[in-house]
Every structure is written in C-alpha cells, then in structure tokens.
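Scroll down for the structure; my scribbles are underneath it.
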Amino acid sequence: MKSIWPLEALRLILSVLPATLLGWLTVGAGVGFTIGLMAYTAWHLWQLYRLERWFRLDRKRNPPEGSGAWGEVFDHYYRLQQRHLNRKRRLARVLREFRNSTEAMPDGTVVLDREARIIWFNQSAQTLIGLQGNQDLGQPIGNLLRLPELGESLESEGYPEPMEVTSPLHPDRYLNLNLIPYGEGQRLLLIRDVTRLRRLERMRRDFVANASHELRSPLTVVQGYLEALSEDRKITEEWQRPIDEMQRQTQKMTAIINDMLELSRLETEAPDADRERVDVSGISARIREEALALGYGPRDVRIDVPAGSCILGAEAELYSAFSNLVFNAMRYTRADGTVWISWTQGRNGGLFSVRDNGVGIEPKHIPRLTQRFYRVDSARARKSGGTGLGLAIVKHVMQRHGGRLEIESSPGQGSCFSCRLPVNRLVTE
Ligand code: ADP
C-alpha cells in the first residue's frame, strides 16, 4: 500500500500556498495563509462529520467515500467491521451447532451461572428432571432439584464426585448427576439415566448371591461325607490321600463362597449402617492370635497399637478387612520374616497398616490388586489358599467407612497395606 502521507502533505501545500500567494498580491500573505489553513481545516472537519454521522446513523451501509488519509481511515474501519461481522457469524454458527448437538444428546445438560442459576438446558433435561421451558430459566437449580447431594456439590470447590440419586419425577428411576466447573465460576450439570445399569448391576449381584447361597448347602453335605470318610477306618491307605485333597478343595470352595457372599452383602447393604465403637487394639490382638494359629507364615508378628485406640464403624466388617491384610502378609512372607501391625491417628484421620518383609509386588500389579480374583502369581496364591477376593473385600469395607486402601510394595523387599480412615471415624477422648 502506498503511503498516504506525501499526498496529504501535498494537499496541505496546495491549500495553503495558492491562498498565501493570492493574499500576498492582495490583502497580505498572512491573511491568505490563514484562509488557506482554515479551508484545509474545514475540509478535515467535514470528513470527520461524515464519519461521525456514518457511525451514528447507518453503520450497516458501506462507509462514505473519502480521499487521502480519510479514505484510508474509512477503508480501515470498513475492513475491521467486516472482520468483526464474519467472526460474529462464525461464533453464532458454532454456538448454534453446539446447542443443536447438545439438544440431540440423550443426556440432560444444564448450564449454570456462578450463583447456580439456570442459564440454559436441553430437551433431555426437561424429560429427566422436569425443567420447564422459559419458566425455569434464571431459577437457582437448588430450588428446583431439592437433593441434599446436589446442594453439597454446589457448595464444594473444584470437581465434585458424580452423584447417584433417585429421579425427582419417578422414584423407581436412578440418575447420575455430574457437576463440571468451567469458565469463571459457571458449571455444567450433566444428567444421565442409569436405571438400566443399576438394574443390571442388581441382577448380577443377586445372581452371585443366590448362586453362592445355593452352592453352600450341597457343599456342606459333600464336606460332611468327606469328613466321615476320612475318619472311617475301613477306608484303605490308597484312598486316604485323595480324600484329604478333596477335603482341602471343598474347604477352599467354602472359603470362596463365603467371601463371595460377604462381598455381595457389602455391595447391597446401605453403607454407614453401623457406627459402633470398635477397639483397634483389641481386634489387632485377636487377629494376631488367629494369624499365628494359621500354621504358615512368620512367627514374628508385632503389634504397635496404642491401648484404647478406638474408631467408629462396623466391627465385623473392620475385623474382616484388617484380618485379610494380616493373613495376606502371613501368606506372602517367609517363616523367618516379620509382620508389623500398627495404628496411628492424627489430624488427617487414622491409619491401620500391615507391613511385611515378604515377597513384595511389582508396581505394574498394584493398581489391579483389588480386582476380584486378580492374582500376581496364580500358582503361588492358589497354593497358599487365598480366595482372590480378600483385597476386594478390604476395598469395599473401606469405601463403606469413607476410607481407602493404600498399597506400597517393592519386589523382594516387602509390602505395606494401609487402611486410611477419615477423621469423623476417630474416637478422641
Ligand atoms: P488372595 O486370596 O489371592 O491373597 P487377595 O485379593 O487377598 O487375594 O490378594 C490379591 C493378590 O495380591 C494376591 O494374590 C497376591 O498376589 C497379592 N498380595 C496381597 N497381599 C500381599 C502381600 N502382603 N505381599 C505380597 N503380595 C500380596
């Protein structure tokens, strides 16, 4: 683009010079110069007026024609305006497409402002939680969906955990609510109907529970006969070993069935049902005795639990979780090793730890240990008599107590399995 400024300088000279010359011949050079300058200024004022009028009245039309610097200003502004318009159109299109796609989604979507008022929602949100047309726009979501879980999540900072709630419209349907923060304090509420998933889960749980229950009675009968056979003096020597093996296998099956029943009970029963006072030092001592009576594992089992340490929870469940950890430590540690059971508590909650200097676990296995029937070394685990469900039980018990299972281990060095319990489970007095 050519520079406009030499042209503008020429325009100034052409306005002022002839007027000064004419003035010099007639009324005086100074007067001529002033008139020339005034004419030049008047022309600029006229251009400025045209621009201002165009801004004020008809910005939608093309800008006025102008020459020199003004022509450039008009053109610049026009180009800027076009760019802005194009961007606006593009944004509007993107927004329209976004809304259309969210509208088509089977999941409900509600956009909330920083005060949790509804800015926008899609068709599915209307069907799932009964929001209505324009009537509910601008209303705080908490007023329309009276759910304590949602209230808590709305008050919390960051990304709250997804919630599973009963539908406010149909008590036999279940919804999963996920609150996602974005922008400056706004949030997106995603609502998904999980009724089918819940029903399938229940069917699976019921099936496992019923099958385990049904298997228990015939197994008890077989066990009874095997016991009688093993004590029968008429049984020849060559049958003794197969009968012993059959007895071992039925005991193992019973242990698996019991663990499966326990897991399904932990999954089905409402959490937090029991909040009795549980004496950690007492159950640690009982577990130690039981561990030493197992007949395998180290003889050196140490306890470091301050007397009188207590927590609130379901005693049977906590006993089962803690003993599973200790029995595992016994199972995966050599007879000349050591198992340490300890309890510490502080402002961050309580920690029940079981440490051993046994075989240890490779890091790649650690995230999968709590999966049902997951074993690092199947042959060893089978031989040692584990059911493969122990850590899954521990994980569930911890979830029901608002805690979690933490695992640290290094192969060949040993492992430390810890149950971390929240502060509200501690008894401090
Ligand atoms: P299992 O009945 O087979 O022991 P668990 O669910 O209790 O089942 O444990 C899962 C797997 O975790 C075990 O098979 C074992 O490989 C590993 N594991 C658990 N505890 C320990 C431990 N203290 N030391 C080493 N490995 C362990």
Side-chain angles (χ1 to χ4, degrees), residues 208 212 215 248-267 283-284 287-288 290-305 316-343 351-401 403-420:
V208 173
S212 316
L215 283 171
R248 255 197 307 281
Q249 294 302 330
T250 48
Q251 273 161 9
K252 202 167 154 193
M253 278 164 80
T254 313
I256 294 176
I257 286 171
N258 287 344
D259 275 1
M260 275 170 38
L261 279 170
E262 163 121 20
L263 251 183
S264 85
R265 191 189 61 77
L266 289 172
E267 282 181 330
I283 59 173
S284 303
I287 293 172
R288 179 178 180 274
E290 265 197 60
L292 289 172
L294 286 172
Y296 53 78
R299 301 289 86 205
D300 187 10
V301 180
R302 303 182 194 178
I303 300 188
D304 178 14
V305 180
E317 288 179 20
L318 290 168
Y319 187 88
S320 155
F322 295 170
S323 61
N324 261 310
L325 296 185
V326 177
F327 298 165
N328 272 352
M330 300 295 286
R331 217 171 270 147
Y332 302 104
T333 308
R334 284 209 330 251
D336 58 352
T338 308
V339 172
W340 292 266
I341 303 170
S342 67
W343 168 256
L351 196 69
F352 180 89
S353 297
V354 179
R355 196 157 59 81
D356 63 59
N357 51 6
V359 294
I361 307 157
E362 272 186 67
K364 66 173 183 197
H365 296 293
I366 292 181
R368 303 186 59 193
L369 288 184
T370 54
Q371 287 175 10
R372 284 148 211 230
F373 299 113
Y374 184 82
R375 270 111 171 207
V376 175
D377 179 346
S378 310
R380 182 201 282 265
R382 235 162 248 137
K383 219 162 62 204
S384 65
T387 61
L389 295 170
L391 292 180
I393 291 179
V394 180
K395 183 178 134 191
H396 265 85
V397 171
M398 279 305 102
Q399 273 173 0
R400 288 163 65 83
H401 285 77
R404 60 174 191 272
L405 171 66
E406 294 173 352
I407 307 171
E408 283 169 32
S409 187
S410 43
Q413 311 256 311
S415 319
C416 183
F417 286 75
S418 308
C419 292
R420 189 175 286 283

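Start at 1 and go down the list; that is how both ligands and their atoms are numbered.
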At what distance is the nearest protein heavy atom to [atom], and which residue and atom is it?
| atom | answer |
| --- | --- |
| atom 13 (C) of ligand 1 | Y332 OH, 3.4 Å |
| atom 10 (C) of ligand 1 | Y374 O, 3.4 Å |
| atom 5 (P) of ligand 1 | L391 N, 3.6 Å |
| atom 1 (P) of ligand 1 | G388 N, 3.5 Å |
| atom 7 (O) of ligand 1 | N328 ND2, 2.8 Å |

Does [X] have a non-hydrogen atom less than 4.0 Å from ligand 1?
| X | value |
| --- | --- |
| G358 | no |
| T387 | yes |
| F417 | yes |

Shortest non-hydrogen separation from [X] to [Y] and the atoms involved:
| X | Y | value |
| --- | --- | --- |
| L215 | I257 | CB-CD1, 3.6 Å |
| M398 | L405 | CG-N, 4.1 Å |
| M330 | P298 | CE-O, 3.2 Å |
| A392 | R372 | CB-CG, 4.1 Å |
| E262 | S320 | OE2-OG, 3.3 Å |
| I256 | L389 | O-CD1, 3.9 Å |

key: For L325, the option from C416, S418, S353, C419 that meets side chain to side chain contact (heavy atoms under 4.5 Å, CB included)   =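 Of the listed residues C416, S418, S353, C419, the side chain to side chain contact (heavy atoms under 4.5 Å, CB included) partner of L325 is C419.
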
Looking only at distances, please establish whether an N/O atom of ligand 1 is found under 3.5 Å from an N/O atom of [X].
| X | result |
| --- | --- |
| A392 | no |
| L369 | no |
| R375 | yes |

Which atoms of ligand 1 are found less than 4.0 Å from any heavy atom of [X]?
| X | result |
| --- | --- |
| A329 | 23 (N) |
| G390 | 5 (P), 6 (O), 7 (O) |
| R331 | 2 (O), 4 (O) |
| I361 | 25 (C), 26 (N), 27 (C) |

Heavy atoms only, cut-off 4.0 Å: how does [X] contact ligand 1, side chain, backbone, both, or neither?
| X | answer |
| --- | --- |
| V376 | both |
| D356 | side chain |
| H365 | neither |

key: Donor-acceptor pair, side chain of D356 and main chain of S415, under 3.5 angstrom   =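 Confirmed, D356 side chain pairs with S415 backbone.
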
Donor + acceptor pair across side chains of T338, D300 (<3.5 Å) =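 Looking only at side-chain atoms, D300 and T338 do form a donor-acceptor pair, the distance falling under 3.5 Å.
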
message = Please determine whether a side-chain nitrogen of the Lys or Arg among R265 and E267 lies less than 4.0 Å from a carboxylate oxygen of the Asp or Glu.
response = no

note = To the nearest 0.5 Å, atom NE2 of H365 lies from atom CD1 of I407 at 12.5 Å

